[in-house]
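Report on the structure given below.
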Amino acid sequence: MKILDSQVLLGFLSLILGVTTPIVTNSSIAFGESTPKYAQSISNQQPIVNKTEFGVRIINSEGKVNFFPTTTVPLKQGDAYGWKIKLDNYQGKVKWREVLTLPQAPETWTTQDNKNFSISADGKTAISKRIETPVNGVIENFWTVSPGDPLGKHQVKVYIDERLIATFDFEIVPF
């Protein structure tokens with residue numbers, strides 16, 4: 001009850017003084033930083049992560065895009081693997097970073113956005129950065145399977161404003 005009283009007092013003072021104050025709730029105290037459910041965005045909104053998915057995106061002969069959730073990715077040239085993250089009730093742009101780690105360096109790395117892309121010295125890790133507006137609340141990123149991509153265990157970590165919000169472990173297997 002003391003928390004509620006202080007919330008009312010802080011809310012009233014913020015109206016009078018024009019000061020914004022964070023509101024503390026029992027749930028934020030109980031859960032603390034134990035789960036990375038919330039992340040800061042560039043619009044100072046705190047997006048709530050509703051759903052995270054990793055899988056394969058395949059375009060059929062009619063040009064229809066199909067997404068199949070999986071942790072096993074066939075090494076089939078032209079198919080793509082990646083992630084989707086659904087944010088609840090979010091408006092504005094999101095600043096995200098993806099760290100993709102492979103078991104060994106691929107023959108080549110290619111991307112459409114070289115200025116927001118870097119590769120580690122050993123060639124096994126790629127970092128992509130984007131600022132984008134979610135489409136229907138979804139942010140996503142996909143990689144196209146190419147010859148020379150390594151087989152084995154891979155990992156993708158996705159951050160919003162430097163806070164880890166999802167980790168995807170998957171394996172690329174022979175086709």
Side-chain angles (χ1 to χ4, degrees), residues 3-4 6-8 10-11 14 19-60 62-74 76 78-102 111-113 115-118 125-145 149 152-173:
I3 290 174
L4 181 58
S6 64
Q7 288 175 341
V8 171
L10 288 173
S14 69
V19 176
T20 304
T21 57
I23 295 176
V24 179
T25 64
N26 289 333
S27 62
S28 64
I29 292 170
F31 296 110
E33 292 293 323
S34 64
T35 58
K37 184 175 180 181
Y38 302 100
Q40 195 78 14
S41 76
I42 62 171
S43 70
N44 293 326
Q45 243 182 312
Q46 290 192 351
I48 298 171
V49 176
N50 177 302
K51 184 177 184 180
T52 63
E53 283 186 297
F54 181 87
V56 176
R57 184 175 69 184
I58 299 171
I59 301 173
N60 69 17
E62 294 144 11
K64 183 179 180 209
V65 177
N66 296 294
F67 179 79
F68 302 98
T70 184
T71 57
T72 304
V73 178
K76 181 180 177 199
D79 285 355
Y81 59 88
W83 51 268
K84 295 178 172 192
I85 297 174
K86 170 81 169 138
L87 304 174
D88 272 350
N89 301 319
Y90 186 79
Q91 302 293 319
K93 294 187 180 286
V94 173
K95 177 181 168 186
W96 60 261
R97 174 173 54 101
E98 173 197 75
V99 179
L100 171 61
T101 304
L102 285 60
T111 181
Q112 296 175 349
D113 188 357
K115 69 180 180 177
N116 291 311
F117 178 75
S118 61
T125 302
I127 300 172
S128 302
K129 297 178 183 179
R130 303 282 186 279
I131 297 174
E132 65 185 16
T133 302
V135 177
N136 297 321
V138 176
I139 58 173
E140 62 183 21
N141 196 45
F142 287 85
W143 292 88
T144 302
V145 177
D149 285 354
K153 296 183 185 221
H154 294 53
Q155 184 180 70
V156 172
K157 290 185 176 185
V158 181
Y159 300 80
I160 292 180
D161 281 344
E162 304 307 317
R163 293 184 66 188
L164 179 64
I165 59 166
T167 300
F168 303 102
D169 295 304
F170 62 101
E171 186 170 4
I172 296 199
V173 298

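Index from 1, following the sequence. In this text, all values refer to a predicted model and were calculated from it rather than measured experimentally.
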Atom pair [atom1] ([X]) and [atom2] ([Y]), whose distance is rounded to the nearest 0.5 Å:
{"X": "Lys64", "Y": "Ile58", "atom1": "NZ", "atom2": "CD1", "value": "12.5 Å"}
{"X": "Ile131", "Y": "Asp161", "atom1": "CD1", "atom2": "CG", "value": "8.5 Å"}
{"X": "Leu100", "Y": "Gln155", "atom1": "CG", "atom2": "CD", "value": "9.5 Å"}
{"X": "Lys93", "Y": "Arg130", "atom1": "NZ", "atom2": "CZ", "value": "13.5 Å"}
{"X": "Glu53", "Y": "Lys86", "atom1": "CD", "atom2": "NZ", "value": "11.5 Å"}

Distance-minimising heavy-atom pair for [X] and [Y]:
{"X": "Asp149", "Y": "Thr144", "value": "OD2-O, 3.9 Å"}
{"X": "Trp83", "Y": "Ile139", "value": "CZ3-O, 3.6 Å"}
{"X": "Val145", "Y": "Lys76", "value": "CB-O, 3.4 Å"}
{"X": "Tyr159", "Y": "Val99", "value": "CE1-CG2, 3.9 Å"}
{"X": "Ala166", "Y": "Thr52", "value": "CB-CG2, 4.0 Å"}
{"X": "Phe117", "Y": "Ser128", "value": "CD1-OG, 3.6 Å"}

Legend entry - Tyr81: which of Phe170, Phe67, Phe168 passes ring-ring contact (aromatic ring centres under 6.0 Å, His included): Phe170
Inset, instruction - Determine whether Glu98 and Trp143 make a side-chain contact, defined as any pair of heavy atoms from C-beta on separated by less than 4.5 Å. - result: yes
Legend entry - Non-hydrogen side-chain atoms of Ile160 and Leu87 separated by less than 4.5 Å: yes
Inset, instruction - Spell out, as yes or no, whether a donor-acceptor pair under 3.5 Å connects the side chain of Asn60 to the backbone of Glu62. - result: yes
Inset, instruction - Look at the side chain of Lys84 and the backbone N and O of Lys51, then say whether any donor-acceptor pair between them is shorter than 3.5 Å. - result: no
Inset, instruction - May I have all residue pairs that pass side-chain hydrogen bond (donor to acceptor under 3.5 Å, both in side chains) and include part of residues 65-74, sequence neighbours excluded? - result: none
Inset, instruction - Please name the residue in the list Val73, Asp169, Val158 that meets the side-chain contact (heavy atoms from CB on, under 4.5 Å) test with Phe54. - result: Val73
